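Chain identifiers are assigned alphabetically (A, B, ...) following the order of the sequence lines, protein sequences preceding nucleic acid strands; residue numbering begins at 1 within each chain. Bear in mind that the values here come from a model prediction, so they are computed numbers and not experimental data.
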2 protein chains.
Amino acid sequence: MTPKQKGNVDIVAVARAAKVSPSTVSRTFNHPDLVSPATRKKINRAVQKLGYVRNRAAQMMHGKRSGTIGLVVPTINHAIFAEVIQAFSDAIDQAGFTLLLASHGYDLDREYAMVRKLMEHRVDGVALIGLEHSDATARLIAQQETPAMAIWNYAEESELPCVGADNRQAGRMAAEHLLQLGHRDIGLIFPDTRGNDRARHRLTAAVEALETHGISVPDERKSEAPYSVSQAKQAALELLSGPSRPTALLCGNDVIAQGALYGAQKCGLKVPQDLSIMGIGDFKGSADIEPSLTTVRIPAETIGTLAGERFTSYITSEAPEMFKLCCELEPILRGTTGRI
Amino acid sequence: MTPKQKGNVDIVAVARAAKVSPSTVSRTFNHPDLVSPATRKKINRAVQKLGYVRNRAAQMMHGKRSGTIGLVVPTINHAIFAEVIQAFSDAIDQAGFTLLLASHGYDLDREYAMVRKLMEHRVDGVALIGLEHSDATARLIAQQETPAMAIWNYAEESELPCVGADNRQAGRMAAEHLLQLGHRDIGLIFPDTRGNDRARHRLTAAVEALETHGISVPDERKSEAPYSVSQAKQAALELLSGPSRPTALLCGNDVIAQGALYGAQKCGLKVPQDLSIMGIGDFKGSADIEPSLTTVRIPAETIGTLAGERFTSYITSEAPEMFKLCCELEPILRGTTGRI
DNA sequence: AATAGTATTGCAAACGTTTTCATAAATTCT
DNA sequence: AGAATTTATGAAAACGTTTGCAATACTATT
């Protein structure tokens, strides 16, 4: 059917088939207005017949962009990032870019390795999650002069362009909602905060907010759990099985909150009558849990889309200008929290 | 600190700095044994000083592999694929490859476009989800002679190498479990099966299994919902609010089952006393829901890992040999199903 | 009908590597 | 000590594109 000449169909094969020079073929793709309609038709027929597919790598060698953007995330596995990845991917796709994805499992050294790997592929830009990165990573980015941005966090003082939310505010909002409902004895379930500025900011801000109201959280009310429903469930179980139990649980994110909810249900506690549970994030599905999860909404999809749009135009722009976007947070009051 | 010469640090800049020829620098990377330790040291120092990062695109132009593998999924958003993507990504990373990810939103034409896009980047291989693809996609793959594989489905007769599970068996297992518990009036919630062979196989096999036992499922017991907790919840609500309601719900996957469970809880039905709910997939978290979800386990992580490992060795091998791996399914009996 | 434009095309150099082949230096052998 | 290897390096061609410049073929002008 399609007689592929011994393998390599390149621009000169097309040129030969169309009886024109390679330059003309190249121009047909890149500056169609410079080539006559007739030749263009001839060339397109040849392209069709030979099944030619352009070679971006070869284009790239002429200072052209590679057409790829790298995204390095802690993990793809959880609901947390899946949504941003999808939105970011769609947005850059829209602009003609392709996504190179890598994950590092919350290990900043592996993050460096991943960024480096992406740079070997000459990505046109690299997006990272959060603002905390190793020095090596920062140096690498600066040295290679690769456009870079941070997703998920917003910070006034950020060196990098960023699109995200203020995680401190998220923590504060969550704490204040519980305080407002009259809770004074609050348990905290957060992940390890090393190398995870998102979680750290939320936690410290929440604790500060509580302290402002004269409440200090003793250690036995603090529990650490990774972003895993089952491990969070376990952590909640422990927190709730003590001699006295808190009246509310503030969780580092919705995944943990979901685990906590199941833990509470397992203990036979009625939510929100016996225990209030507060998440952060408002992941897909959090609204549908029974009872539906009260949380602080971080608009993941918006962040991903905005990040993708801004970053691509930043990359393609002649005179790129710094951008820092802070997405609004919103307390979403649903079924897992109640007045004490 | 690092004095970067007007931008481009290439192999010849390194060569100049180390006072050797470009060839030697190249060799230091690709055949270190061919260059004397002394020169190697000189060169490495120069690399360090200049912050040189290799250019895979340029390497690729010499028949070298690009070091990238494309993965095209229907969606990144749901728990469904996040796990496979993560496992696949980790596995190919292990082998030195980088992931180019694209999603098509269950649209086979967009899938074609994505595959084409990946081929412009000269991926060393492209992995697709499922075995149902457009003719154009198949032609493209054959024509470009790009190694390709299918993930998630297993089929004896597949043209492509594949690693996955038998979705028909999954559907059958789910149906048989419900039958065994004595259920005769079973509701079905499945997604649109066009362009989604996974769902279609599960559904037809489930229906067949029921028919073998003399049970036919009337239309009002069938509902369609996409892979979304909230929409599945809605669908379940409708199915359960009719004049008579089924004693069990068989769901196309765990996401739908989760939605169905919330729907049932919202109706005030006790699961599994009043209603049994069966999922397919055993996604992360399904074990932790209260009550925990009875389902058919499809080992997503195993599939992703195996796929990544086999595909990379398939790609790098001199004499690649076809592989078709069928991962074992296992009914996981948990809390959402009970004897009638 | 000759001239000046203008539209279209081709030639050749360039991009950053790898690799074959050739050469020079160092080592081993007799 | 000279020949024969072996080891280490360099020169140059090649990979598949793009693009500046030059050449050609039209068209419109006088």
Side-chain angles (χ1 to χ4, degrees), chain A residues 4-44 46-47 50-67 119-124 144-145, chain B residues 4-44 46-47 50-68 119-124 144-146:
Chain A
K4 51 183 169 317
Q5 331 265 97
K6 53 174 176 172
N8 351 21
V9 187
D10 59 0
I11 209 174
V12 359
V14 174
R16 228 184 343 252
K19 298 188 204 309
V20 295
S21 77
S23 341
T24 310
V25 179
S26 173
R27 266 189 288 259
T28 315
F29 289 121
N30 302 302
H31 315 282
D33 44 312
L34 290 183
V35 35
S36 86
T39 7
R40 236 183 301 165
K41 193 158 294 173
K42 266 198 308 188
I43 290 173
N44 285 328
V47 166
L50 274 62
Y52 170 68
V53 175
R54 297 171 75 180
N55 185 335
R56 309 285 302 242
Q59 302 190 255
M60 212 210 62
M61 297 197 45
H62 290 264
K64 291 228 149 179
R65 275 186 282 274
S66 72
M119 288 187 165
E120 292 191 352
H121 290 286
R122 292 297 189 270
V123 289
D124 296 327
Q144 294 304 117
E145 298 177 8
Chain B
K4 52 185 171 308
Q5 331 265 97
K6 53 176 177 173
N8 351 20
V9 187
D10 58 1
I11 209 172
V12 358
V14 174
R16 230 183 342 253
K19 298 190 203 310
V20 295
S21 76
S23 340
T24 309
V25 178
S26 173
R27 264 190 292 258
T28 317
F29 288 122
N30 302 302
H31 315 282
D33 43 315
L34 291 184
V35 33
S36 84
T39 5
R40 238 183 300 163
K41 195 160 292 174
K42 266 197 309 189
I43 291 173
N44 285 329
V47 165
L50 273 63
Y52 170 69
V53 175
R54 299 170 73 180
N55 185 335
R56 309 285 304 238
Q59 302 190 252
M60 210 209 64
M61 297 195 47
H62 289 265
K64 289 230 152 181
R65 276 186 281 275
S66 71
T68 57
M119 287 187 165
E120 291 190 353
H121 290 286
R122 294 296 189 269
V123 289
D124 295 328
Q144 296 303 117
E145 300 178 4
T146 302

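- Looking at A:Ser21 and A:Thr24, their side chains do bring a donor and an acceptor atom within 3.5 Å of each other.
- Rounded to an integer number of Å, the gap from CZ of A:Arg65 to C1' of D:dT18 is 15 Å.
- Side chains of B:Gln144 and A:Val9 form no contact here, defined as non-hydrogen atoms less than 4.5 Å apart.
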Could you pull out the protein-nucleic contacts involving nucleotides 24-27 of chain C (nitrogen or oxygen on both sides, under 3.5 Å)?
none

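- Of all heavy-atom pairs spanning A:Pro22 and A:Ala15, the tightest one is N-CB, 3.5 Å.
- A heavy atom closer than 4.0 Å to some atom of DNA chain C occurs in A:Ser36, A:Thr39, these being the qualifying members of residues 36-43 of chain A.
- Atom CZ of B:Arg56 and atom P of C:dT17 are 12 Å apart (whole Å).
- In this structure, B:Phe29 reaches neither bases nor backbone, as no heavy-atom distance under 4.0 Å exists between it and the strands shown.
- Rounded to whole Å, atom P of C:dC21 lies 15 Å from atom CG of B:Leu34.
- Relative to the side chain of A:Tyr52, the nucleotides C:dT19, D:dT17, D:dT18 differ in distance, and D:dT17 lies closest.
- Side-chain atoms of B:Ser23 and B:Arg27, non-hydrogen and from C-beta on, do get closer than 4.5 Å to each other.
- Rounded to whole Å, atom C1' of D:dT17 lies 13 Å from atom CD of B:Glu120.
- If you check C:dG16, C:dT18, D:dG16 against the side chain of A:Asn55, the one that comes closest is D:dG16.
- A:Met61 places none of its side-chain heavy atoms less than 4.5 Å from the side chain of B:Asn55.
- Going from atom CG of B:Asp124 over to atom NZ of B:Lys64 covers 12.0 Å, rounded to the nearest 0.5 Å.
- For the OP1/OP2 pair of D:dT18 and a distance below 4.0 Å, the side-chain nitrogens and oxygens of A:His31 include no atom meeting the criterion.
- With hydrogens and angles ignored, a donor-acceptor pair closer than 3.5 Å exists between the side chain of B:His62 and the base of C:dG16.
- Atom CG in A:Asp33 sits about 13 Å away from atom P in D:dT19, given to the nearest Å.
- In this structure, the side chains of B:Phe29 and B:Val47 come closer than 4.5 Å at one or more pairs of heavy atoms.
- Using a 4.0 Å heavy-atom criterion, one finds that A:Arg54 contacts the sugar-phosphate atoms exclusively.
- Taking only side-chain atoms of A:Gln59, from C-beta outward, the nucleotide of D:dT17, D:dC21, C:dC15 with the closest atom is D:dT17.
- Atom NZ in B:Lys19 sits about 12 Å away from atom P in D:dG10, given to the nearest Å.
- Contact of the A:Pro32 side chain with the A:Arg40 side chain is registered, since non-hydrogen atoms from C-beta on lie closer than 4.5 Å.
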side-chain contact (heavy atoms from CB on, under 4.5 Å) for A:His121 and B:Thr68? Distances and angles first, verdict last. CA-CA 9 Å; A:His121 290 286; B:Thr68 57; 3.4 Å; yes
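- With A:Arg54 contributing its side chain and B:Met119 its backbone, the two residues share no donor-acceptor pair below 3.5 Å.
- For A:Thr24, a side-chain nitrogen or oxygen approaches OP1 or OP2 of C:dG10 to under 4.0 Å.
- Atom-to-atom, CZ of A:Arg27 to P of C:dG10 comes out at 8 Å; the value is rounded to the nearest Å.
- Note on B:Asn8: a side-chain N or O is less than 4.0 Å away from OP1 or OP2 of C:dG16.
- Along DNA chain C, the nucleotide closest to B:Ala58 and the one closest to A:Ser23 are compared, and the more 5′ of them pairs with A:Ser23.
- A:Met60 has its CE atom 12 Å from the C1' atom of D:dG16, to the nearest Å.
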